[in-house]
Amino acid sequence: MDAQSYNTALADLRTVRDEIKKVQAALAKLEAERGKQITALAGYEKAKAERIAPAAGLSVADVVALAPQLAPASLAAQDTSAAPETAPPAPALAPVADATGPEPAPQPGTEAPAMNMPHPQVVAAPAAAPTPADAAEAAPMPPHAPRSLPSIPDGGTGDAWFTHTPKLASTRPNFTQQARSTVFLDTTTGVLVHRNQTHHLDLGDRSAAEILTAVFHTIPEGVERIYITGGDPWHRDAARYPYLRDAVTSWLNAPTPQWRTDTGRGRDRMAGHFVHARNPVGRYQRDNGEQHVEIRSVGEWFDAGGEDPHTIRDAFVLLWQALRRHWNDAVLMGSPSQTGRDLWTRTIPTRGQWSDGFPVLSEDLRSLLHTTAGQGRNELITPPRVPEQLPQLVEYDRTFAYAKHTWKSPVGTPRRITAHTFAAWSEKEQMRALYGCGHWHIRVTVPDTWNHVGLLPAPAPGERAWHYPAAPGSTFTTWAGGPEIHTALANPLQPWKVEILDGILWEDGKPLDDWAKKLKEAWANLSAQAHFQGDTEQARAAHLASRAVRSILLYGIGSFAQRPRMVTGTTPRTAERDVPADAEIIGFDDQLITWQRPTGFSNDPNAHPEWAAAIWSGARAALLTQRHRDDNTYAGALHTPPGTVIAFRTDALYLTQPHNWPYHHQPGDYLLKGHLTGPLPAPTTEEELLTLRDTGRTTLTTGQET
């Protein structure tokens with residue numbers, strides 16, 4: 001671009017800016033007019049927010065905010081039932097302010113003495129939750145202040161959390177899962193593979209309507225699942241939208257003549273579309289309700305890498321065969337998470353302690369775990385903590401990492417371990433508890449001479465952001481699992497000081513062990529096939545199948561966390577009353593109203609966030625230090641020189657120098673995945689890191705240094 005082109009482009013940009021201002025002004029005027037009309041409608045004595053919301057393109061809550069008199073009577077009664085002088089009840093999750101600097105001095109008699117131990121520094125320090133009055137007087141959180149994590153309320157209110165949800169437990173199914181007729185379609189080439197047959201389709205503009213029409217014309221008997229193997233048709237108009245999710249939403253909710261959004265059936269409670277930037281799910285049913293079909297991406301299972309539909313079909317066949325060796329009733333469901341959860345339920349014991357099922361925690365404890373137990377560690381360390389110019393960038397990735405941490409999981413009714421209880425225990429009892437299956441509310445102090453990476457997660461600015469403080473002498477309050485606390489207390493460099501504020505402690509059990517062992521065996525068998533198979537296409541199919549097994553375990557574990565998701569759907573404009581009451585209107589045209597609503601998790605019998613939290617904690621700890629018993633050696637970030645760790649990404653570690661860590665193709669082993677020789681500018685953004693990562697992987701594979 002020359003100077004003239006640059007100036008011309010600037011002029012065009014200013015024109016766009018002015019147009020945006022005009023549109024924003026027009027939008028503000030229309031929104032103001034909409035508000036006036038809603039207020040006017042609210043004057044009608046029989047007006048209802050549920051009727052006005054879809055007509056206005058707003059949620060019920062938004063309408064009530066504009067016209068409070070439309071609030072449902074039940075809510076209004078609740079608002080007026082309390083006497084004016086009655087203090088509001090304490091929140092279910094009372095926030096605890098995080099200290100980023102020195103803690104205020106404790107009141108006399110509230111802090112227990114440090115344990116007299118040679119290495120770990122553990123202190124029991126009761127921390128009272130703030131009262132509602134304290135919360136009301138607290139100053140607003142600054143925009144960049146760390147999040148405050150919830151705590152367990154004091155007294156009987158908090159103690160009542162430590163139970164299970166009545167009549168809700170994970171039980172072994174008493175039915176056989178039914179397989180669904182499946183096809184594999186490349187929307188770029190139009191190649192469709194159905195069983196052993198190959199068809200070539202004309203997909204027109206690759207809309208959902210065109211795909212459904214072409215597939216059902218080719219296979220009149222119908223199919224129930226369409227896997228898109230290439231082409232990503234939901235991104236066809238991506239250039240028109242600021243975000244991929246917007247393009248996906250538009251594609252999913254475009255008109256589909258003779259079809260409408262699926263509302264679920266039988267045992268399958270999944271209904272509505274699932275919007276995901278890269279792996280969305282479209283669920284449709286005939287207007288007559290006789291046929292149901294899903295459009296999904298194979299990207300949920302593995303990176304297809306440009307493979308044709310035949311190879312991908314073969315990968316699914318090999319996957320099914322590998323699973324059938326361990327489960328005689330195994331069925332591949334729509335996603336790896338669904339498949340993993342279904343297979344796990346079929347390993348629930350039929351006799352013994354848990355033959356009646358694994359009970360689900362109280363909703364209060366599940367909510368606490370959702371908020372305080374993060375997943376993978378993702379951290380980029382930038383200058384001046386690392387050199388401006390890197391001598392090398394070396395990537396190590398832990399193979400099938402989560403499978404390494406499924407041998408022990410929390411079971412039984414959890415116990416609350418207060419700071420007072422913890423302080424009363426012997427040193428042996430304290431260490432047994434910290435090394436067991438627990439989730440702990442702690443105050444942490446980094447040693448004054450610390451010069452390496454952070455060890456424990458702490459809340460950072462953002463809705464679900466975490467960071468890992470490492471500044472010498474800094475103090476912070478957080479929640480952490482037993483494996484990470486064990487690492488902080490007994491790491492190979494210098495023990496950290498950990499103060500116990502509160503805790504949740506379970507029995508040690510093995511609810512996932514049988515399931516994980518079977519998946520690990522299936523993974524090992526498919527990996528061996530991929531390595532020794534002489535036919536290139538079959539070797540590739542076996543490799544993809546092994547990656548699918550990894551996804552089954554990985555996303556199966558994630559499904560235990562049961563984080564709420566958003567589903568979208570459409571309703572004809574002529575049936576506005578059918579829009580779900582808890583839905584948010586996100587779009588509409590002359591024919592359809594498009595809405596989205598959260599899916600709850602409170603009544604899911606397979607909700608076990610305590611299992612996911614324990615595995616994630618173990619995986620994060622193993623990125624720091626992991627013992628290889630057979631080799632009598634250790635691997636991980638803490639076994640590298642200070643200043644040589646560049647980044648953590650879930651299972652991967654990025655360093656400035658290689659290490660001779662053992663690799664035996666076992667789950668959890670550190671595999672050398674990429675190697676790039678410098679000098680290289682240290683990455684300062686995730687995009688820069690990923691660019692270097694991809695170049696390093698290519699360089700290692702081709703053996704050509706750049």
Margin query: Between H639 and T625, is there a side-chain donor-acceptor contact under 3.5 Å, judged purely by atom types and distance?
Written below: yes
Checklist line | Exam field: side chain Q338 to backbone S335, donor-acceptor pair closer than 3.5 Å | finding: yes
Notebook entry, point to check: Is a side-chain N or O of S362 found less than 3.5 angstrom from the main chain of F162, in a donor-acceptor match?
Noted result: no
Notebook entry, point to check: Judged by modelled atom types alone, do H608 and E610 share a side-chain donor-acceptor pair under 3.5 Å?
Noted result: yes
Check: Can the positive tip of R377 be found less than 6.0 Å from the middle of the six-membered ring of Y468, inside 45° of the ring normal?
Finding: yes
Check: Between S617 and E484, do the side chains contain an N or O donor and an N or O acceptor separated by less than 3.5 Å?
Finding: yes
Margin query: Using 0.5 Å steps for rounding, measure from the CD1 atom of I557 to the NE2 atom of H405.
Written below: 9.5 Å
Next item on the list: Would you check if the side chain of T421 reaches a backbone N or O of I417 as a donor-acceptor pair within less than 3.5 Å?
Entry: no
Notebook entry, point to check: Just by distance, with hydrogens left out, do R620 and T487 show a side-chain donor and acceptor under 3.5 Å apart?
Noted result: no
Next item on the list: Taking the side chain as every heavy atom from C-beta outward, state whether I500 and W440 have any pair of such atoms under 4.5 Å apart.
Entry: yes
Checklist line | Sub-4.5 Å side-chain heavy-atom contact between L456 and F476 | finding: yes
Notebook entry, point to check: Taking the side chain from S559 and the backbone from R341, do they hold a donor-acceptor pair closer than 3.5 Å?
Noted result: no
Next item on the list: Taking T640 for its side chain and G636 for its backbone only, find out whether a donor-acceptor pair lies under 3.5 Å.
Entry: no
Notebook entry, point to check: Is it true that D159 and R416 have a side-chain N and a carboxylate O under 4.0 angstrom from each other?
Noted result: yes
Margin query: If the threshold is 4.0 Å, N to carboxylate O, is there a salt bridge linking K673 and E395?
Written below: no
Next item on the list: Go through the steps for W611 and W506 under the test ring pair (Phe, Tyr, Trp, His ring centres under 6.0 Å), then give the verdict.
Entry: CA-CA 11 Å; W611 295 349; W506 291 265; over 10 Å; no
Checklist line | Salt bridge E379-R649, side-chain N to carboxylate O under 4.0 Å | finding: no
Next item on the list: Return yes when atom NZ of K517 has more than 12 non-hydrogen atoms of other residues, nucleotides or ligands closer than 6.0 Å, and no otherwise.
Entry: no
Margin query: Within the 4.5 Å heavy-atom criterion, are T406 and I615 side-chain neighbours or not?
Written below: yes
Note to self: Hydrogens and angles aside, do T347 and D514 bring a side-chain donor and acceptor to less than 3.5 Å of each other?
What the structure shows: no
Check: Any chance CZ of R415 has more than 12 other-residue heavy atoms, nucleotides or ligands included, within less than 6.0 Å?
Finding: no
Note to self: Checking the side chain of T345 only, and the main-chain atoms of P173 only, is there a donor and an acceptor separated by less than 3.5 Å?
What the structure shows: no
Check: Okay, side chain of R398, backbone of D651: is any donor-acceptor separation there less than 3.5 Å?
Finding: no
Next item on the list: Using only heavy-atom distances, determine whether the side chains of T165 and E363 contain a donor-acceptor pair under 3.5 Å.
Entry: no
Notebook entry, point to check: Judged by modelled atom types alone, do Y663 and T399 share a side-chain donor-acceptor pair under 3.5 Å?
Noted result: yes
Next item on the list: Could you walk me through whether D329 and R346 pass the salt bridge (charged side-chain N to carboxylate O under 4.0 Å, His left out) test, one step at a time?
Entry: CA-CA 9 Å; D329 56 353; R346 298 173 192 279; 3.0 Å; yes
Notebook entry, point to check: Do the side chain of R172 and the main chain of I348 share a donor and acceptor less than 3.5 angstrom apart?
Noted result: yes
Check: Nearest 0.5 Å, what's the CG-OG distance between D448 and S474?
Finding: 9.5 Å
Margin query: Minimum heavy-atom separation for V411 and F358, please, with both atom names.
Written below: CG1-CE2, 4.2 Å
Next item on the list: Compare all side-chain heavy atoms of I152 with those of H441 and state whether any distance is below 4.5 angstrom.
Entry: no
Item checked: Donor-acceptor pair between H664 and D631 side chains, under 3.5 angstrom -> yes
Next item on the list: Check for a donor-acceptor pair, side chain of W354 on one end and backbone N or O of G412 on the other, with a separation under 3.5 Å.
Entry: no
Next item on the list: Verify, without hydrogens or angle tests, whether S170 (side chain) and P605 (backbone) share a donor-acceptor contact under 3.5 angstrom.
Entry: yes
Check: Excluding sequence neighbours, so at least two apart, what forms side-chain contact (heavy atoms from CB on, under 4.5 Å) with L493?
Finding: W450, H452, N491, L638
Check: Have Q177 and D342 got a donor and an acceptor in their side chains that come within less than 3.5 Å?
Finding: yes
Next item on the list: Return the orientation label for the F400 and W523 ring planes: parallel under 30°, perpendicular over 60°, tilted otherwise.
Entry: tilted
Next item on the list: Take H420 and F422 through the test ring pair (Phe, Tyr, Trp, His ring centres under 6.0 Å) and record every step on the way to the result.
Entry: CA-CA 5 Å; H420 177 75; F422 187 85; over 10 Å; no
Next item on the list: With sequence neighbours excluded, tell me which residues meet ring-ring contact (aromatic ring centres under 6.0 Å, His included) with Y396.
Entry: W661
Check: Passes side-chain contact (heavy atoms from CB on, under 4.5 Å), W479 versus I442? Steps please.
Finding: CA-CA 6 Å; W479 284 83; I442 55 177; over 6 Å; no
